[in-house]
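Computed from a predicted structure; not experimentally measured. Order of the sequence lines fixes the chain letters, A, B, ..., with proteins taken first and strands second; residue numbering starts at 1 for each chain.
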2 protein chains.
Amino acid sequence: MMPSSSAPSAPSPGQPTTLRERKKLRTRQALADTAVALFGERGFDGTPLDALLEQVEVSRRTFFRNFRSKEDVALTAVKQLWGTYLDVLGAAEKSGPLADVLLGAMLTTLDRMDEDWYRRFPPTLRLIADSPALDGHALRHCAEVQEELVRRLGVPDRLELRLLIEFFVAAWRCALDEWLPECARGELPALLRRSCSSMAPALTLEA
Amino acid sequence: MMPSSSAPSAPSPGQPTTLRERKKLRTRQALADTAVALFGERGFDGTPLDALLEQVEVSRRTFFRNFRSKEDVALTAVKQLWGTYLDVLGAAEKSGPLADVLLGAMLTTLDRMDEDWYRRFPPTLRLIADSPALDGHALRHCAEVQEELVRRLGVPDRLELRLLIEFFVAAWRCALDEWLPECARGELPALLRRSCSSMAPALTLEA
DNA sequence: GCAAAAGTGCCACAGTGTGGCGTTAGCTCC
DNA sequence: GGAGCTAACGCCACACTGTGGCACTTTTGC
């Protein structure tokens with residue numbers, strides 16, 4: 001609907017300058033980190049939000065000023081990934097096959113994520129796999145990113161562009177599913193490449 | 001997770017015989033019909049569940065014995081479609097290109113849905129378009145159907161099968177988006193065919 | 001310093017979803 | 001066609017999520 005004016009989640013500015021902003025960012029990170037840890041232990045649905053608030057020592061009111069929902073805080077790592085992806089794609093040179101552009105941007109993104117993110121992402125994926133509610137939110141977030149991608153990559157044929165983006169995100173999710181059990185950082189790019197190169201053969205699959 | 005043992009939603013038996021079952025089915029349909037109408041007027045998020053319960057004259061307890069959630073009742077038409085699709089696909093002969101099998105089954109399904117369904121489906125799509133929460137639930141349901149499809153269409157290459165199914169569902173959603181403004185019954189099959197035939201060209205799209 | 005602004009905590013409330021329990025209504029068997 | 005059984009229902013109370021209002025503290029900029 002709208003691009004989010006003063007909305008919770010997604011702190012766009014690169015580096016917070018004032019003390020106030022850094023402080024707010026600290027509580028945000030504390031909430032996100034503790035959320036993944038806590039939900040990982042007791043399950044997403046089995047952990048009341050109050051448990052998280054108590055541990056981080058933050059009031060409910062403050063929490064909801066930083067995150068839109070309980071799902072939102074659990075999906076912080078996912079949103080960081082796609083946020084970075086959109087940044088990378090915005091700066092990338094868009095020429096040649098679009099499928100390669102989309103893939104290349106994700107490879108760059110994966111290279112750019114730091115060690116801390118690689119610690120928090122796999123547990124987040126497991127939370128998603130275990131909780132349908134979280135999965136729904138994650139899928140919805142992907143859909144929003146896809147809409148944004150269609151908007152940015154203006155192309156004459158609207159339908160084919162949308163299909164290609166849907167395909168790419170689907171390939172990404174397939175790669176994640178194969179990555180999930182082990183979650184070795186170095187293997188994800190290879191899995192994604194393999195998933196993308198299986199796209200064309202998949203269309204001609206025989207029963 | 002599990003195939004739903006005595007779970008709410010999805011009445012599998014074809015025709016209810018006893019009076020009790022028919023009565024239960026009537027309240028189910030009354031709830032589903034009224035839900036689409038009511039949510040269509042006042043919006044999904046803007047309509048408390050109590051408004052629906054009051055209009056149908058059913059207690060909250062009874063509602064939740066028939067539907068898993070407020071979203072569930074709003075998505076009745078969507079679930080009916082995919083339920084029928086799985087039935088059709090189960091009975092269909094699976095030979096030749098899998099993409100054609102998937103497409104053919106959906107064309108058959110669209111032909112099999114009755115007039116009443118074609119009245120309720122478009123408003124449901126508009127509800128989904130207007131409410132992120134509903135969209136998330138709808139996407140999650142699609143994901144469950146996809147898992148079921150992978151299970152049924154056993155094929156050596158797991159990855160390519162999953163990709164193909166993801167592609168097909170993506171093409172279906174693209175077709176729906178183009179169908180949405182008008183929603184003329186006869187045009188949906190053509191849109192779906194066009195969407196599916198755009199899949200291969202999409203992969204080689206240039207920036 | 002000092003006032004405006006941003007952030008936070010506390011309180012109360014609406015809405016969704018669940019468990020317990022007594023009661024009604026349909027089914028079954030005689 | 002009557003008695004017992006059982007599924008379904010209504011009502012009550014509760015837990016949890018998310019929001020609005022208001023007072024209080026901290027930071028910022030003058």
Rounded to whole angstroms, how far apart are [atom1] on [X] and [atom2] on [N]?
X: A:Lys24; N: D:dT28; atom1: NZ; atom2: C1'; value: 16 Å
X: A:Glu57; N: C:dT8; atom1: CD; atom2: P; value: 14 Å
X: B:Arg22; N: D:dA7; atom1: CZ; atom2: P; value: 19 Å
X: A:Asn66; N: D:dG18; atom1: CG; atom2: C1'; value: 15 Å
X: B:Arg26; N: D:dC9; atom1: CZ; atom2: P; value: 12 Å

Task: Contact check, side chains of A:Leu153 and A:Leu164, non-hydrogen atoms, under 4.5 Å - done: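 A side-chain contact is absent here, since even the closest heavy-atom pair is not under 4.5 Å.
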
Task: Partners meeting side chain to side chain contact (heavy atoms under 4.5 Å, CB included) with A:Val101 (sequence neighbours left out) - done: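 Counting only residues at least two positions away or on another chain, A:Val101 forms a side chain to side chain contact (heavy atoms under 4.5 Å, CB included) with A:Leu89, A:Lys94, A:Leu98.
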
Could you tell me whether a side-chain N or O of [X] sits under 3.5 Å from a main-chain N or O of [Y], the two making a donor and an acceptor?
X: A:Arg173; Y: B:Glu166; answer: no
X: A:Thr124; Y: A:Arg120; answer: yes
X: A:Arg28; Y: A:Asn66; answer: yes
X: B:Lys79; Y: B:His141; answer: no

Residues [X] and [Y] bridged, charged N to O under 4.0 Å:
X: A:Arg126; Y: A:Asp130; result: no
X: B:Arg119; Y: B:Glu115; result: no
X: A:Glu148; Y: A:Arg151; result: yes

Task: Contact list for residues 45-54 of chain B, test salt bridge (charged side-chain N to carboxylate O under 4.0 Å, His left out), sequence neighbours left out - done: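 As it turns out, the salt bridge (charged side-chain N to carboxylate O under 4.0 Å, His left out) pairs with a partner in residues 45-54 of chain B, which skip direct neighbours, are B:Asp50-B:Arg60.
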
TODO: Using five pairs at either end of the helix from C:dG1-D:dC30 to C:dC30-D:dG1, determine the angle between the two local helix axes and round it to 10 degrees.
DONE: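 For the helix from C:dG1-D:dC30 to C:dC30-D:dG1, the axes at either end differ by 30°.
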
Can you tabulate the close N/O pairs, meaning under 3.5 Å, that link protein atoms to atoms of nucleotides 22-26 of chain C?
| unit_1 | atom_1 | unit_2 | atom_2 | d |
| --- | --- | --- | --- | --- |
| C:dG26 | OP1 | B:Lys23 | NZ | 2.9 |

Open item on the list: Strictly by ring pair (Phe, Tyr, Trp, His ring centres under 6.0 Å), give each pair with a member in residues 17-39 of chain B just once, sequence neighbours left out.
Closed with: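 Listed by first then second residue: B:Phe39-B:Phe44.
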
TODO: For each nucleotide in nucleotides 10-19 of chain C, reading 5' to 3', give B when a protein heavy atom comes within less than 4.0 Å of its base, S when such contact involves only the sugar-phosphate, and - otherwise.
DONE: B----SSBBB

